[in-house]
Amino acid sequence: MASRSLSYTQLLGLLSFILLLVTTTTMAVRVGVILHKPSAPTLPVFREAPAFRNGDQCGTREADQIHIAMTLDTNYLRGTMAAVLSLLQHSTCPENLSFHFLSLPHFENDLFTSIKSTFPYLNFKIYQFDPNLVRSKISKSIRQALDQPLNYARIYLADIIPSSVDRIIYLDSDLVVVDDIEKLWHVEMEGKVVAAPEYCHANFTHYFTRTFWSDPVLVKVLEGKRPCYFNTGVMVVDVNKWRKGMYTQKVEEWMTIQKQKRIYHLGSLPPFLLIFAGDIKAVNHRWNQHGLGGDNFEGRCRTLHPGPISLLHWSGKGKPWLRLDSRKPCIVDHLWAPYDLYRSSRHSLEE
């Protein structure tokens with residue numbers, strides 16, 4: 001077969017086309033790099049929750065609203081969904097619950113869709129929490145999960161939610177409520193900034209290092225107080241008093257000292273203890289049956305404490321959804337399971 005040669009004009013045209021193709025591809029790659037955003041993780045799929053309606057005795061005024069704040073972590077979303085379901089299910093006035101969710105940037109659209117499809121009637125708003133507010137202030141703790149920026153979002157809560165909100169209940173994502181949250185909402189604060197269950201039998205000295213206890217200037221912060229441990233995963237906060245007292249800045253000051261001197265080992269809890277321990281409104285222990293996730297190292301199974309229960313909290317390393325999925329649950333994990341809305345492949349087959 002005779003070969004066919006290209007003319008000079010055809011060669012120039014071909015070279016121009018190749019050059020255009022290379023240039024366009026390079027620009028696309030560069031644009032892709034410039035416009036690249038973190039891709040949202042694949043979120044779990046949940047079953048739609050039933051609608052929960054107010055009882056006849058419920059009001060409809062703004063003053064009747066109960067404000068609840070939680071973080072939205074893609075790794076803890078399954079826990080958050082269970083917590084929200086438990087709150088609605090046990091509330092006399094579920095339509096009066098107003099949820100304020102704090103999430104990291106870039107993921108709020110996916111998280112909004114997930115919550116809206118699971119709870120179509122839920123009154124909620126998602127706020128972006130900028131991790132740069134706290135990233136440089138975080139000191140490494142005993143467990144990596146405690147070092148995530150979103151774990152510190154509660155410190156900035158008063159600065160993020162609307163100024164019209166003057167009281168809020170902050171809740172962790174690894175708990176379920178088995179009582180009407182309105183009872184906790186109406187706690188008499190008695191002039192305190194924070195209300196929470198208080199545990200004075202715990203050894204308070206264990207939460208801080210020898211460096212702290214040996215420094216007379218630092219220890220002076222506890223002078224005149226009877227400091228007791230409380231868990232920051234369940235708190236009623238007087239937001240107005242928090243803002244006026246500039247408590248966000250006070251927490252940040254202790255975090256700065258921690259960076260310099262290493263005065264504690266845990267994450268966001270110790271600064272709260274240094275500021276508020278011995279000066280909170282003590283709430284009945286039934287509102288935080290904590291520690292069900294075991295310790296911070298192994299997450300071993302624990303039993304319930306004696307007494308009435310209004311809230312079950314899997315604080316610690318072990319989370320009920322992970323232990324249930326691994327088919328190695330603790331006995332207490334079966335108390336969480338009825339609130340799990342996760343649509344697994346097993347659920348799909350059953351349907």
Just by modelled atom types, is the [Y] backbone N or O under 3.5 Å from a matching donor or acceptor in the [X] side chain?
| X | Y | value |
| --- | --- | --- |
| Glu95 | Arg53 | no |
| Ser98 | Ile66 | no |
| Ser173 | Thr80 | no |
| Ser114 | Asp110 | no |
| Asp180 | Thr92 | yes |
| Thr209 | Arg262 | yes |
| Thr71 | Leu102 | no |
| Arg167 | Trp185 | yes |

Does any part of the side chain of [Y], heavy atoms only, come nearer than 4.5 Å to the side chain of [X], both counted from C-beta?
| X | Y | answer |
| --- | --- | --- |
| Gln89 | Val178 | no |
| Asp174 | His313 | yes |
| His334 | Leu324 | yes |
| Leu85 | Asp340 | no |
| Tyr247 | Pro271 | no |
| Val165 | His100 | yes |
| Phe272 | Trp254 | no |
| Leu335 | Leu304 | yes |

(request) Not counting sequence neighbours, which residues clear side-chain contact (heavy atoms from CB on, under 4.5 Å) with Ala195? List them please. (result)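 Checked Ala195 against side-chain contact (heavy atoms from CB on, under 4.5 Å); matches are Val187, Met189, Val236, Lys281, Val283.
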(message) So that I can tick it off, tell me whether Arg154 and Asp172 are bridged by a salt bridge, with the cut-off set at under 4.0 angstrom between side-chain N and carboxylate O.
(response)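 Salt bridge present between Asp172 and Arg154.
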(message) So that I can tick it off, tell me whether Lys192 and Asp238 are bridged by a salt bridge, with the cut-off set at under 4.0 angstrom between side-chain N and carboxylate O.
(response)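 No salt bridge links Asp238 with Lys192.
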How close do [X] and [Y] get, counting heavy atoms only, and between which atoms?
| X | Y | answer |
| --- | --- | --- |
| Val177 | Asp179 | CG1-O, 3.1 Å |
| Ser326 | Arg323 | OG-O, 2.9 Å |
| Met235 | Thr232 | CE-O, 3.5 Å |
| Val234 | Trp287 | CG1-O, 3.5 Å |
| Glu198 | Ala282 | OE1-CB, 3.7 Å |
| Glu182 | Cys93 | OE1-SG, 4.2 Å |

Is it the case that atom [atom1] in [X] sees more than 12 heavy atoms from other parts of the structure closer than 6.0 Å?
| X | atom1 | result |
| --- | --- | --- |
| Lys259 | NZ | yes |
| Lys261 | NZ | no |
| Lys328 | NZ | no |
| Arg243 | CZ | yes |

Under a single-linkage definition using a 4.5 Å side-chain heavy-atom cutoff for Ile, Leu, Val, Met, Phe, Trp and Tyr, are [X] and [Y] assigned to the same hydrophobic cluster?
| X | Y | value |
| --- | --- | --- |
| Trp213 | Leu269 | yes |
| Val237 | Met246 | no |
| Phe107 | Val45 | no |
| Leu43 | Ile126 | yes |

Examine the side chains of [X] and [Y] and answer whether a donor and an acceptor come within less than 3.5 Å of each other.
| X | Y | value |
| --- | --- | --- |
| Tyr152 | Glu252 | no |
| Trp336 | Ser86 | no |
| Asp333 | Trp314 | yes |

Interatomic distance, [X] atom [atom1] to [Y] atom [atom2] [nearest 0.5 angstrom]:
| X | Y | atom1 | atom2 | answer |
| --- | --- | --- | --- | --- |
| Thr248 | Asp159 | OG1 | CG | 4.0 Å |
| Leu184 | Arg286 | CG | CZ | 11.0 Å |
| Leu72 | Leu77 | CG | CG | 6.5 Å |
| Leu292 | Cys330 | CG | SG | 9.0 Å |
| Gln289 | Ile309 | CD | CD1 | 4.0 Å |
| Glu253 | Ile275 | CD | CD1 | 8.0 Å |

(request) Check each of Asn54, Asp64, Thr60 against Asn96 using the side chain to side chain donor-acceptor pair (under 3.5 Å) test, and report the only one that passes. (result)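 That would be Asn54; it is the only one of Asn54, Asp64, Thr60 passing the side chain to side chain donor-acceptor pair (under 3.5 Å) with Asn96.
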Can you tell me how the ring of [X] sits relative to the ring of [Y], calling it parallel under 30°, perpendicular over 60° and tilted otherwise?
| X | Y | result |
| --- | --- | --- |
| Phe46 | Tyr342 | perpendicular |
| Phe230 | Phe276 | perpendicular |
| Tyr76 | Trp321 | perpendicular |

In this structure, is the centre-to-centre distance between the rings of [Y] and [X] below 6.0 Å?
| X | Y | answer |
| --- | --- | --- |
| Tyr264 | Phe212 | no |
| Tyr121 | Phe52 | no |
| Phe99 | Phe119 | no |

(request) Starting from the C-alpha separation in whole Å, work towards a yes-or-no answer on side-chain contact (heavy atoms from CB on, under 4.5 Å) for Asp130 and Tyr156. (result) CA-CA 10 Å; Asp130 182 2; Tyr156 301 89; over 6 Å; no
(message) Between Asp325 and Arg78, does the side-chain contact (heavy atoms from CB on, under 4.5 Å) criterion hold? Intermediate values first, please.
(response) CA-CA 12 Å; Asp325 285 355; Arg78 188 168 165 189; 2.6 Å; yes
(message) The test is side-chain contact (heavy atoms from CB on, under 4.5 Å); show your working for Leu87 and Ile68 and say whether it passes.
(response) CA-CA 10 Å; Leu87 283 158; Ile68 298 168; 4.2 Å; yes
(request) Show the numbers, then the answer: is there a side-chain contact (heavy atoms from CB on, under 4.5 Å) between Leu274 and Leu218? (result) CA-CA 10 Å; Leu274 290 169; Leu218 296 180; over 6 Å; no
